[in-house]
Visitor: 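Structure below; questions to follow.
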Amino acid sequence: MFFETADGTRLAYEDYGQGRPIVFVASCMLSTDMWEYQIPFFAERGYRCIALDRRGHGRSDRPSGGYDLDTTADDLAALIEHLDLRDVILVGHSLGGAEVARYLARHGEERVDRAVFISAMLPFMKLTDDNPTGIPEALFDAMDAKIRADRPKWLSDQAQVFFATHLGPAVSPAVIDWMIRECEATSPWAVLKFQHALFHFDHRAGLRDITVPTLVVHGAADFSAPVDVTGRRTAELIPGAVYKEYPTAGHGIFVSHQDELNADLLDFIKG
């Protein structure tokens, strides 16, 4: 299914089940397919599960612009309004978590019942004078250079650590290959622009204003979004947030710890 945004971009989405709506917002470089272990679980338990291919990803258009958090937050709002969703449970992973935070800051909480941030690139990635736990810009520039030089190699080099398989999670080589193919299929231009947007955007003020019930889930071994920089600080900023940290999880928590994650999501949603 498709809908059109204000700038004429055609975005793809999927919609399964009946009941309270859960909107799943994917990672950078991944499509709606990343939620393979969440959507059936919740649709079979009486929830309506909706997932969006953001611009530049999956089956959505690849326009030349709009690869910033304000635009994609507005794209998310356009989907919610297109389907006239109410009492929405927003679930975002990585970049998707940043987009959920930006949606709440720009569009408010009127249509939202609660929010979930999984391995989210929040609250502010960059090292600055008032953000001493951030990541030095030189490290970001080095990563950017590797992506530009050989993106398939960059993806392959970090595939194992993405799932923290060295700590024991049972993630098959076939699943890892599948994730790499998903990432390789995404617009290279979109990847570069979103990585830049993620690193430089400061969400701290917006997170402090969140009033809906919020769950923050993060892996202690997350290499992509180090927990000291992201998950723990995000939970501290959001009033009353529930925080869950998985000791053996990396960034790909939606696969490596699917049973634990689904159970924690279900408990939070029911609560």
Side-chain angles (χ1 to χ4, degrees), residues 9 11-13 23-36 38 51-76 79 90-103 116-126 135 139-148 150-159 161-163 176 178-203 217-219 222-226 229-231 234 250-255:
T9 301
L11 300 183
Y13 69 96
V23 176
F24 292 93
V25 190
S27 310
C28 184
M29 292 185 268
L30 293 175
S31 71
T32 58
D33 292 342
M34 71 164 278
W35 301 111
E36 176 163 343
Q38 283 72 48
L52 172 68
D53 282 347
R54 74 171 54 78
R55 57 181 62 213
H57 291 63
R59 294 148 300 165
S60 292
D61 283 352
R62 297 182 169 198
S64 60
Y67 301 111
D68 60 90
L69 291 172
D70 284 352
T71 300
T72 53
D74 293 349
D75 290 347
L76 177 58
L79 172 65
L90 291 174
V91 178
H93 179 272
S94 194
L95 168 60
E99 289 171 341
V100 168
R102 196 63 191 142
Y103 168 87
V116 180
F117 299 106
I118 305 170
S119 310
M121 294 287 194
L122 296 169
F124 186 23
M125 302 299 295
K126 183 169 67 172
I135 297 170
L139 292 181
F140 169 79
D141 291 341
M143 179 194 73
D144 182 76
K146 289 179 180 179
I147 295 173
R148 291 173 182 270
D150 193 337
R151 184 162 64 118
K153 182 179 185 302
W154 177 77
L155 289 166
S156 179
D157 285 348
Q158 63 175 357
V161 75
F162 183 83
F163 295 109
I176 293 173
W178 165 49
M179 285 289 152
I180 292 174
R181 292 194 304 271
E182 280 275 305
C183 291
E184 288 173 343
T186 301
S187 159
W189 179 252
V191 170
L192 293 172
K193 292 302 179 182
F194 278 131
Q195 294 285 359
H196 185 275
L198 271 173
F199 184 74
H200 291 279
F201 202 98
D202 185 353
H203 295 269
V217 183
H218 219 93
D222 194 326
F223 178 80
S224 303
V229 178
T230 57
T234 298
H251 200 57
I253 199 169
F254 55 96
V255 170

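Quantities reported herein were computed from a predicted structural model and do not represent experimental measurements.
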Visitor: When you measure from the side chain of His93 to the backbone of His251, do you find a donor-acceptor pair of N or O atoms at a distance under 3.5 Å?
Guide: yes
Visitor: Main chain of Ala225, side chain of Thr230: is a donor-acceptor contact present, judged purely on distance under 3.5 Å?
Guide: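 The answer is yes, because a donor-acceptor pair under 3.5 Å joins these two groups.
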Visitor: Could I get the full list of side-chain contact (heavy atoms from CB on, under 4.5 Å) partners for Ala120, not counting sequence neighbours?
Guide: Phe117, Leu122
Visitor: Go through Asp75 and Leu11 one step at a time and tell me if the side chain to side chain contact (heavy atoms under 4.5 Å, CB included) criterion holds.
Guide: CA-CA 8 Å; Asp75 290 347; Leu11 300 183; 3.8 Å; yes
Visitor: Taking only Lys NZ, Arg NE, NH1 and NH2, and the carboxylate oxygens of Asp or Glu, determine whether Lys146 and Asp150 approach each other closer than 4.0 Å.
Guide: no
Visitor: Are the side chain of Ser31 and the backbone N or O of Asp33 linked by a donor-acceptor pair below 3.5 Å?
Guide: yes
Visitor: Less than 4.0 angstrom from a charged side-chain N to a carboxylate O is my criterion; do Lys193 and Asp68 meet it?
Guide: no
Visitor: Phe199: which residues meet the side-chain contact (heavy atoms from CB on, under 4.5 Å) condition with it, sequence neighbours left out?
Guide: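 side-chain contact (heavy atoms from CB on, under 4.5 Å) list for Phe199, sorted by chain: Met125, Lys126, Ile135, Glu137, Phe140.
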Visitor: Ring centres of Phe201 and His203 under 6.0 Å apart?
Guide: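 Judged by ring-centre distance (under 6.0 Å), Phe201 and His203 do meet the cut-off.
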Visitor: State whether the side chain of Glu182 and the backbone N or O of Met34 hold a donor-acceptor pair below 3.5 Å, judged by distance alone.
Guide: no
Visitor: Regarding Asp61 and Arg55, does a basic nitrogen lie under 4.0 Å from an acidic carboxylate oxygen?
Guide: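 A salt bridge is absent here (no side-chain N lies under 4.0 Å from a carboxylate O).
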Visitor: Ser187 side chain to Arg62 main-chain N or O, any donor-acceptor pair under 3.5 Å?
Guide: no
Visitor: Short question: side chain of Asp202, backbone of Phe124 - any donor-acceptor pair under 3.5 Å?
Guide: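 Judged by distance alone, no pair lies under 3.5 Å.
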Visitor: Which is it for Arg54 and Leu95 under the side chain to side chain contact (heavy atoms under 4.5 Å, CB included) test, yes or no, and what are the steps along the way?
Guide: CA-CA 11 Å; Arg54 74 171 54 78; Leu95 168 60; 3.5 Å; yes
Visitor: Show your working on side chain to side chain contact (heavy atoms under 4.5 Å, CB included) between Arg59 and Tyr13 and close with a plain yes or no.
Guide: CA-CA 9 Å; Arg59 294 148 300 165; Tyr13 69 96; over 6 Å; no
Visitor: Check the orientation of Phe24 and Trp35. Use parallel for under 30°, tilted for 30 to 60°, and perpendicular for over 60°.
Guide: tilted
Visitor: Using modelled atom types only, decide if a donor and an acceptor are shared between the side chain of Arg148 and the backbone of Met143 within a distance under 3.5 Å.
Guide: no
